[in-house]
Amino acid sequence: MKIGILTGGGDCPGLNGVIRAAVIEGTELGHEFIGFRDGWRGPLENDWEPLNVERVAEILPLGGTILGTSRTNAGQPGRIEKIKENLTELGVDALIPIGGEDTLGAATALSQAGVRCVGVPKTIDNDLSGTDVTFGFTTAVEIATDSIDRLRTTSASHHRAIVAEVMGRHAGWIALHTGIATSAVATLIPEVPFDLGEIAERVKRRVDARRDAIVVVAEGALPREGTVSSDSNEVDEFGHVQVGGIASYVAAELEKLAGIETRATVLGHVQRGGAPSAYDRVLTTRLGAAAARALDAGESGVMVALCGGAINTIPLAEATGTLRTVPPELLEQLGTVLKSM
Ligand code: F6P
């Protein structure tokens, strides 16, 4: 089989690990590979490069993606047909699309249109259903934790509060894990509208007692009182508004309410850059190899996923149907600890 690989959506540490393992495993099984450049733009515009074991040999610790990425939406009118046409012309028999809900949503449509696809779930946000965790997430949490440990020392020196904004448009997984790991005084996530008055009291108590106070806020979190406008009105091909700016709003409000000098820091794309953690290197190696094996075994319309420690295949539609947000039961379990920090 000739297999095409592509990486779509926001990049994420670990993409190269998936590419590497799929090529090594698939080549061993007798298949040939090409890499499409910049997500769905590659097969749409016939932009590709050859992939072989030599090309991928050294890429496991590399951040980003050697193939490039984009938010090109293959689901727009006429594009599925165009991609099918181009794949036939190139003699590509199957695809391994690596991406989040948008990239895998397009993969679902393509596989329904008869193209063999085995997807690999990716997003630092950890909000895809059907898999215990998405690769890139643990690396992002490590980076955010390291950054906030640094913010804490300067917060303490100045008797200031610092509001640290992390990624997470619809799901608060990065904020929650980072908030726990850094014993933040408050962790604000999109799933639970927050009460600024209550947080201000906690910040004041914390600075009085220990001099520092860190508030972790997910970029998509909103206050109980209503909505805050985004810094930007830009919308991508999937209709996602670029969020951001909540940390400045929260910092300004807390400063007024708590009477404590407060600064805002947006961690932004630092969370997505650089080398993947050891955990993500192992996970992506398992996922990439499993994707090649699944295609070799004749599977299609599925994605490989971590399910209770094992790598399984599940229907693509299962992953893209609903977003996996932080469940209330988990917050309840953590309630006392979160509030006592
Ligand atoms: O890929 C997911 C993500 O990192 C989100 O957490 C974030 O909101 C978004 O991508 C940022 O997108 P962009 O890279 O287009 O600014």
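Starting from 1, each residue takes its place in the sequence as its number. Remember, it's 1-based here, ligands and their atoms both numbered in the order they're listed.
By heavy-atom distance, the residue among His269, Met167, Arg71 lying nearest atom 12 (O) of ligand 1 is Arg71. The closest non-hydrogen atom to atom 6 (O) of ligand 1, taken over Asp125, Val166, Ile174, comes from Asp125.
Annotation: Glu219 places an N or O atom under 3.5 Å from an N or O atom of ligand 1; distance criterion only.
Taking every non-hydrogen atom of Gly168 and a distance limit under 4.0 Å, the qualifying atoms of ligand 1 come out as 6 (O). Atoms of ligand 1 lying under 4.0 Å from any heavy atom of Arg272, numbered from 1 in the order shown and given with element: 1 (O), 3 (C), 4 (O), 9 (C), 10 (O), 11 (C), 12 (O), 13 (P), 14 (O). Taking every heavy atom of Arg169 and a limit of under 4.0 angstrom, the matching atoms of ligand 1 come to 8 (O).
Residues Phe33 and Ile5 approach most closely at CD2-CD1, 3.7 Å, considering heavy atoms.
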Exercise for the section: Quick one: do Thr313 and Glu299 satisfy side chain to side chain donor-acceptor pair (under 3.5 Å)? Show the steps, please. Expected result: CA-CA 9 Å; Thr313 51; Glu299 290 197 68; 2.8 Å; yes
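Salt bridge absent: Glu81 and Lys84 never bring a charged side-chain N and a carboxylate O closer than 4.0 Å.
For the residue pair Glu191/Thr325, the side-chain donor-acceptor check at 3.5 Å is not satisfied.
When each of Arg211, Lys204, Arg206, Arg210 is paired with Asp208, the salt bridge (charged side-chain N to carboxylate O under 4.0 Å, His left out) condition holds for Lys204 and for no other.
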